[in-house]
Amino acid sequence: MHIRRRRGWEIPEALATPEAVYLSRRGVLGAGAAMLAGGVMAGPAAAQRVGDAADPSAGLYPAAQNPRYTLDRPVTPEAKASVVNNYYEFSYGKNVAPSMTRFQRRPWLVKIDGLVEKPQELGIDDLLKKVQLEERLYRHRCVEAWSMAVPWTGFAMKDLVALANPASGAKYVRMETFLDPKIAPNQKDFRYPWPYVEGLTLEEATNELAFLVTGVYGKPAPNQFGAPLRLVTPWKYGFKSIKGIVRFTFTDKQPLSYWEEVQGAEYGFWANVNPKVPHPRWSQASEEDITTGERRPTLIFNGYGAFVADLYKGRENAKIWF
Ligand code: MTE
């Protein structure tokens, strides 16, 4: 349920006008297409920038938990999950938050383009008014063979697909992270193909499990979790769960994802969890719980086969596992 509350950071014009239009009036969008693709922008709106502690969507939390998605293990304590993260734009280590001091979560524009009825661009808070937030408990399995269990808050990705109204030729959704090396220092590292890109087939994106995450542990997601918008696909390895999304492009071509581009022999487009298909350099048969250090057997599709196995029927021997 969305309760519209006026918050301190809002100015009257923002109350009456869609966020993207309002920002363009302020001259921000006029700064050029390259800046738009970046999502995190400099310019006159800088005064309204907010960081981790002052998320304007805080009043939407906590959202009701959807009881359909249950865990077979305890939720990972927030203190632990908050310091074991992957966000290469900021750090190649696991404690990412201290490297995110320049990251700002507003303004944040989300572009929807490609093979759609009508391309659109909307501010994250306008997007949040069009969807219903809920909490889901999901297992989270990294290709590095560690795992955790996380109470994400967000909305079904199929709702964003419906909002986009893709044309009949659209087969994939390509997603892109913001690009701004002033904010994300490792984006200056020319060894990597920035921005981070991921993709799903339209069938995967509209599967009920595909979840666009805005929050975690009952509040807006702290920066290191990929605020203000990231993907979670719990049946796939964690690298599919792209953070800091600013663009969804509907396309008829299979997107080249970030890790596939970096190291295609080890990481592919599909990345479905399978204990029987090892990574070229290590086994995927078991995983380590980041809290207890306990090892448990990895489950096919990370235990979500009942929801997603049909998507891949007849292709079990194809390259859908990495
Ligand atoms: N998204 C972006 N933009 N940059 C990244 O480096 N890392 C991925 C994924 N999304 C990554 C990203 C990897 S490898 C994993 S395992 C998950 O984020 C980690 O999510 P978590 O930090 O919430 O556990």
Side-chain angles (χ1 to χ4, degrees), residues 37-40 52 75-100 103 105 108 110 136-154 174-181 183-187 189 191-200 210-217 220-248 255 257-263 266-268 271-273 279 282 284 287-291 298 302 322:
V40 179
D52 205 348
V75 166
T76 301
E78 183 181 355
K80 188 76 191 173
S82 303
V83 294
V84 182
N85 301 103
N86 279 336
Y87 208 162
Y88 265 34
E89 286 86 338
F90 296 94
S91 169
Y92 300 136
K94 292 280 182 263
N95 187 8
V96 178
S99 308
M100 295 192 72
F103 181 80
R105 53 182 65 213
W108 194 273
V110 179
R136 294 187 184 184
L137 307 179
Y138 275 170
R139 291 183 292 279
H140 181 40
R141 169 65 158 81
C142 179
V143 74
E144 297 162 342
W146 52 260
S147 66
M148 54 174 116
V150 187
W152 304 110
T153 303
R174 179 186 182 277
M175 288 155 276
E176 204 174 282
T177 296
F178 75 91
L179 181 64
D180 189 342
I183 283 166
N186 288 347
Q187 288 182 337
D189 186 341
R191 295 173 300 169
Y192 290 96
W194 310 108
Y196 200 98
V197 166
E198 260 307 339
L200 294 174
F211 202 44
L212 284 168
V213 161
T214 57
V216 69
Y217 294 97
N223 292 336
Q224 68 270 32
F225 286 97
L229 189 64
R230 62 90 60 90
L231 175 70
V232 169
T233 45
W235 72 100
K236 292 179 179 284
Y237 292 115
F239 67 85
K240 294 296 290 182
S241 299
I242 178 172
K243 299 178 173 182
I245 304 171
V246 292
R247 187 172 182 185
F248 297 87
S257 51
Y258 176 87
W259 281 107
E260 201 182 356
E261 194 173 349
V262 171
Q263 185 59 286
E266 299 191 353
Y267 307 99
N272 295 305
V273 175
H279 182 276
W282 59 85
Q284 297 291 17
E287 62 201 46
E288 182 178 331
D289 186 307
I290 64 156
T291 315
T298 292
N302 200 22
F322 68 93

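Numbering of ligands and ligand atoms starts at 1, following listing order.
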query: Aromatic rings Y87 and F90: how do their planes relate, parallel, tilted or perpendicular, breaks at 30° and 60°?
result: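 Aromatic pair Y87/F90 classed perpendicular.
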query: Which of parallel (below 30°), tilted (30 to 60°) and perpendicular (above 60°) describes Y138 and F211?
result: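 Y138 and F211: perpendicular rings.
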task: Ignoring hydrogens and angles, state whether a donor on the side chain of K94 or N85 is under 3.5 Å from an acceptor on the partner side chain.
output: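 Result is no, nothing qualifies.
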Measure the [atom1]-[atom2] distance between [X] and [Y] for me, rounded to the nearest 0.5 Å.
X	Y	atom1	atom2	answer
H140	W152	NE2	CH2	5.0 Å
Y258	I242	OH	CD1	10.5 Å
T153	R136	OG1	CZ	11.0 Å

message: Test your reading of the model: is there a side-chain donor-acceptor pair from T177 to the backbone of K243, 3.5 Å cut-off?
response: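 Checking the backbone N and O of K243 against the side chain of T177, a donor-acceptor pair under 3.5 Å is found.
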Of all the atoms in ligand 1, which lie at a distance below 4.0 Å from a heavy atom belonging to [X]?
X	answer
F225	23 (O)
C142	16 (S)
W146	24 (O)
Y88	5 (C), 6 (O)

Please compare [options] and report which has the shortest non-hydrogen distance to [atom].
atom	options	answer
atom 18 (O) of ligand 1	K243, E198, R141	K243
atom 11 (C) of ligand 1	Y196, F178, Y267	Y196
atom 24 (O) of ligand 1	H140, K240, K94	H140

message: For a quick test of reading the model, state the closest non-hydrogen atom pair linking A210 to W235 and the distance between them.
response: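 The pair with the smallest heavy-atom distance is N-CZ3, 3.9 Å.
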message: My understanding is that only one of Y196, W259, F239 makes a ring-ring contact (aromatic ring centres under 6.0 Å, His included) with Y88; could you say which?
response: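 Result for ring-ring contact (aromatic ring centres under 6.0 Å, His included) with Y88: W259.
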For [atom], what's the nearest protein heavy atom and its distance?
atom	answer
atom 4 (N) of ligand 1	E89 OE1, 2.8 Å
atom 14 (S) of ligand 1	N86 ND2, 3.4 Å
atom 17 (C) of ligand 1	G238 O, 3.4 Å

query: Is the shortest side-chain N to carboxylate O distance from K236 to E198 below 4.0 Å?
result: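 No, K236 and E198 are not salt-bridged.
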Please determine whether any non-hydrogen atom of [X] lies less than 4.0 Å from an atom of ligand 1.
X	result
R230	yes
M148	yes
S241	yes

task: Ignoring angles and geometry beyond distance, decide whether N85 reaches within less than 3.5 Å of ligand 1 through its nitrogen or oxygen atoms.
output: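 Right, the criterion is met.
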message: Would T177 count as being in polar contact with ligand 1, using the rule that some N or O on each side must be under 3.5 angstrom apart?
response: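 N/O-N/O distance below 3.5 Å exists for this pair.
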